[in-house]
Every structure is written in structure tokens, then in C-alpha cells.
Amino acid sequence: MRRFHLPRIFALAITTALLPLCAHAAPSKADVEAQFETWVQKDLWPEAKANGISEKSFKAAFSGITLNWNLPDLAPPGFPPPKEQKQTQAEFSSPGPYFNEDHLKRLAATGRGFAAQYGSTLKRIEKTYGVPGPIVLAIWGRETGFGAAKIPNSAIEVLATKAFMSTRKEMFRTELVAALHILDGGDVTPAGFKGSWAGALGQPQFMPTSYLKYAVDFDGDGHRNIWTSVPDTLASIANFLVKKGWQRDHDWGFEVSIPEAVSCAQEGPDLSKPLSHWASLGIDRISGKDFPSSEMKAEGMMLVPAGRDGPEFIVTPNFYIIKEYNNSDLYALYIGNLADRIGSNAGAFEGRWGDVGKMLRSDVAAMQKALERQGYDVGGSDGLPGYKTRRSIGQWQAKNGMAPTCFPEATMKSKLK
């Protein structure tokens, strides 16, 4: 932790005094850096101390730390507010390109190699936590390419920058204090405390608060090391899932064929029914295999992420536990499919993704607001077509004499105002 010596403060004061006197002069980056240093010492340190962080750990954490001006979503004090950014996260765009077949094949091949290499560790993890090895491997592969992805950022630098001047300062301040607890606990040194540009840590990409709740020491060395220990990484992922409610001995879901006579407007975790019910409606696995007999009395939920213009699924509660890792239907489907490829040499989903998901979020939000005015529960007008929006569209289509497609379409814009 750098101390604020009087000579430096006087130097800043003299420099400021020599600047042209202008009431509306824009602050410089140097001005903001000085504010940041004061914030660290006068604002953050008292909170950290009150939370039990030692002064030694705090100083070590902030040694050499400056603001990272290259991070997204920054709102520096005194600077113009950031412009609203177009939604670019892949989990919320057109579904088809998300499931890049070449990439999935490479990940599956690598994952099968790791399944053999860490077979005994994965068996012990499955016995301890009840989470299948292929699911754990799939998340590891998706998050950081089985640990191959470079994670060069100082987690403290990222979190401190965002806690000081991002558009979500309070959230990142909470994560920053959690990060200081991690360092204070001695599991990792400041030099090895690496994270993503969003502050997610190590190979499983845990935010610091998640690390404190779910990271485990599975290799028995006394440290919860999700940066360089594969056993700790894999077991921490499994522990996360089981703490979120993973159900032992149940699958994540099945790709199915839903007959035209069965409405697609029945999806969602709040409309779950025994798998036997869905089967009684003529919904079959698209592979031609029977549903496992052990699943027939278990709860299942319809899922049509692209409406009628894409693969269709019956998923289990475990699907929604995967979504706890990343709250996206496409992400959870990706993990499920990759796990099936790793565990049983499955291939791509048989249903084809249609040319959907390219409407402007503003147009989808306008549709959502129109449906809300008519009494439909769309889950919020955020421009993202989640399951409540999809089924509301299907219900609205059926009510107005149209064949339900359960997905926003450009032709609906003029009809839903």
C-alpha cells in the first residue's frame, strides 16, 4: 500500500494551483488517479479494517495498483457519462452461432482427454458431490478452455477500478472487499491473484464472493487454489453446483420433438410436470431412445429457446442449476451438450437453429411492453426474449388466431403496439 507523503500532496496542490482557472475545466486522468488514491486510503481502508482485513494484507494488495482505464463500463468522476453499449454478450444474441460446431468438437476432444487424465479425481468428486464428471469438465472447458485461457489481469486492479468508477460501483465494492478477505486468508499471493476484465477469478471464473462460499481445497495442500490446482478447480465447480441444489443421479435434460398439436407456450420452470406427463402428450426424445425410467416420475420442464424455429427440449431442475453459473438458457444448453459429448460421444443437437434472434433489443422491449399492457407476464421489458416472453408470445399468437411460434418476429411489430 503506497503511503501519501506530504511532499507529494504539496506537489499536487502546487500543480493544481498553476493550472488555468476555469470553473468548467474537465478533470484529467491524473486528477482521477489522485482521487482514487485518496479513496483507497480514506474510504476503502476504513471499511476493510472494519471487516477484519489486516493492514499488512491491505497494503500488499494495493502495492503498485493504479486505475485500469482500458476496462469497459467505466464512469470516471467528472467525465461525460458512458454511452449505452449495444448488447454483445454471446449468450443473448442469435442462438445458432453460439453453438459453433468446430469449437464444440475441439472442446469435447480435449475434455475426453482430461476425463481420462483426471479420472480418479473426477470419480472422487462425483462420490463427494454427486455432480457428474462430464458436467464439471464442460464448465471448466467453457469458462477457461480447461485452464488454457490467459488470465493476465490483477484482480485487485480490476475490482478496485470498477469499485471506484464503474457503472456498478456498489456491486464491485462488495466484490473488492471479498477479494481482500481472500488475500488476507492466505490462499493466494497478490502476484498470483489473477482475474478476468470483469473480476472473475481463476480457472472456474468465480467472483470473489462466490470463491468465499464455494471454493474448496481438494488436493489437500491447505489452500483453495483455483488458479493452478486442477483438483481444487474441478471440486470447486462441483461444490458450487451442489450448494445451488444439484440433484444427484438426474440428467440435465433431453432434446425432444414436440408435436404440432402441443403448444410451445408451456415452457418454464414454474410450469414443471412429471416427465411422464410430457411423454403422454407424444413428446419423444429426438434420438429415438426412450426416456430413462428413473426420470419418468421426476420433474421436467419444456424449453424452446428459439420457439418453434430451433431445437426443443425437456429439461430437469439440474438445467436451472447450471444456469446459476451463467443465467442464460443457451449457456446451460451448451454445457449440457458439451457434457454429453465428453461423457457419451454425443453430437450436435439434431434440431436446426433458425434465423432468429437478430431483432433490436429496443423492438423486443416494445413488444414486451405491449404484451404487459394486455396483461401478460413477460418477465420484464428488457429486450431479451426469456421463457416468460416466449410463452407470452405463444399465448398471444394463439389468442389472435395465429399458429404459435413462441419467439419475437419482425412481422409482429406492427400488430403489437
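For clarity, every value in this text was computed on a predicted model and none was experimentally measured.
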Next item on the list: Could you walk me through whether Lys127 and Arg124 pass the side-chain contact (heavy atoms from CB on, under 4.5 Å) test, one step at a time?
Entry: CA-CA 5 Å; Lys127 182 179 180 180; Arg124 192 159 63 95; 5.7 Å; no
Checklist line | Residue pair Tyr214, Leu241: steps toward the side-chain contact (heavy atoms from CB on, under 4.5 Å) verdict | finding: CA-CA 9 Å; Tyr214 309 115; Leu241 295 174; over 6 Å; no
Next item on the list: Given salt bridge (charged side-chain N to carboxylate O under 4.0 Å, His left out), test Lys358 with Asp363 step by step and report yes or no.
Entry: CA-CA 10 Å; Lys358 295 182 178 180; Asp363 287 336; over 6 Å; no
Next item on the list: Test salt bridge (charged side-chain N to carboxylate O under 4.0 Å, His left out) on Arg173 and Glu47 and set out the steps.
Entry: CA-CA 10 Å; Arg173 187 177 180 120; Glu47 179 179 354; 2.5 Å; yes
Next item on the list: Show your reasoning for whether salt bridge (charged side-chain N to carboxylate O under 4.0 Å, His left out) applies to Glu55 and Lys59.
Entry: CA-CA 6 Å; Glu55 185 176 8; Lys59 288 181 177 181; 3.2 Å; yes
Note to self: Before you tell me yes or no, could you show the steps for Arg352 and Glu255 under salt bridge (charged side-chain N to carboxylate O under 4.0 Å, His left out), namely the whole-Å CA-CA distance, both residues' side-chain angles and the distance that decides it to 0.1 Å?
What the structure shows: CA-CA 12 Å; Arg352 299 296 92 192; Glu255 187 182 4; over 6 Å; no
Next item on the list: Could you walk me through whether Trp278 and Met301 pass the side-chain contact (heavy atoms from CB on, under 4.5 Å) test, one step at a time?
Entry: CA-CA 9 Å; Trp278 299 113; Met301 302 83 163; 5.8 Å; no
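The minimum heavy-atom distance linking Ile125 with Ala238 is given by the pair CG2-CB, 3.6 Å. Between Glu312 and Val304, the closest heavy-atom pair is CG-CG1, 3.9 Å. The minimum heavy-atom distance linking Lys388 with Asp270 is given by the pair CE-OD2, 4.4 Å. Scanning both residues, His181 and Asn51, for their nearest heavy atoms gives CE1-O, 2.8 Å. Closest of all the heavy-atom pairs between Ile135 and Ile335 is O-CG2, 4.3 Å. Between Ala108 and Leu338, the shortest heavy-atom distance links the atoms N-CD1, 3.7 Å.
Tested against Ile226, the residues Asp187, Val216, Leu201 include a single side-chain contact (heavy atoms from CB on, under 4.5 Å) partner, Leu201. Considering Lys29, Glu157, Glu37 as possible partners of Thr66, the one that fulfils the side-chain contact (heavy atoms from CB on, under 4.5 Å) test is Glu157.
The CD1 atom of Ile322 sits 6.0 Å away from the CD1 atom of Ile139 when rounded to the nearest 0.5 Å.
Screening residues 376-417 for disulfide (SG to SG under 2.5 Å) gives Cys264-Cys406 as the qualifying pairs, with residues at least two apart or on separate chains. Here disulfide (SG to SG under 2.5 Å) pairs that include residues 160-241, with residues two or more places apart or in two chains, number zero. Screening residues 333-394 for disulfide (SG to SG under 2.5 Å) gives no qualifying pairs among residues at least two apart or on separate chains.
Applying the side chain to side chain donor-acceptor pair (under 3.5 Å) rule to Asn400 yields no partners; only residues at least two apart in sequence or on another chain are considered. By the side chain to side chain donor-acceptor pair (under 3.5 Å) test, Asp309 is found to be paired with no residue, residues two or more places apart in sequence or in another chain being considered. For the ring pair (Phe, Tyr, Trp, His ring centres under 6.0 Å) test, no residue two or more places apart in sequence or in another chain qualifies with Phe407.
Using cut-offs of 30° and 60° for the angle between ring planes, the Phe36 and Phe164 rings count as perpendicular. Between Phe313 and Trp252, the ring planes lie tilted relative to each other; the angle falls in the 30° to 60° range. In this structure, Trp353 and Phe349 have perpendicular ring planes: the angle between them is above 60°, well past the 30° mark. In this structure, Phe146 and Trp140 have perpendicular ring planes: the angle between them is above 60°, well past the 30° mark.
Looking only at atom types and distance, the side chain of Ser229 has a donor-acceptor partner in the side chain of Asp219 under 3.5 Å away. Remark: the Ser392 side chain and the Thr389 side chain contain no N/O donor-acceptor pair separated by less than 3.5 Å. Remark: the Asp73 side chain and the Ser166 side chain contain no N/O donor-acceptor pair separated by less than 3.5 Å. A donor atom on one side chain and an acceptor atom on the other are found under 3.5 Å apart for Thr405 and Gln397. Under 3.5 Å, the side chains of Asn345 and Arg341 contain no donor-acceptor pair of N or O atoms. For the 3.5 Å distance criterion, the side chains of Asp31 and Ser28 qualify, holding a donor opposite an acceptor. Checking Glu175 against Thr209 by side-chain atom types alone, a donor-acceptor pair falls below 3.5 Å. Defined by atom type and a distance below 3.5 Å, a donor-acceptor pair is missing between the side-chain atoms of Gln247 and Asn318.
With contacts defined as side-chain heavy-atom distances shorter than 4.5 Å, the pair Tyr118/Leu137 does not qualify. Considering only heavy atoms from C-beta on, Val188 stays 4.5 Å or farther from His223 through its side chain. With contacts defined as side-chain heavy-atom distances shorter than 4.5 Å, the pair Arg391/Tyr376 does not qualify. Val136 is not listed as a side-chain neighbour of Glu126, based on a closest heavy-atom distance of 4.5 Å or more.
Comment: Arg224 does not engage Asp217 in a salt bridge, judged by the lack of any side-chain N to carboxylate O separation of less than 4.0 angstrom.
Judged by distance alone, with hydrogens and angles left aside, the side-chain atoms of Gln368 form a donor-acceptor pair with the main-chain N or O of Gly383 at under 3.5 Å.
Cation-pi contact between Lys194 and Trp227: absent, since separation from the ring centre below 6.0 Å together with deviation from the ring axis within 45° is not met. Judged by a 6.0 Å distance limit and a 45° cone about the ring axis, Arg142 is not positioned over the six-membered ring of Tyr331.
Residues Phe206 and Tyr211 place their aromatic rings such that the two centres sit no closer than 6.0 Å.
Few gaps surround CH2 on Trp45; more than 12 heavy atoms of other groups in view lie less than 6.0 Å from it.
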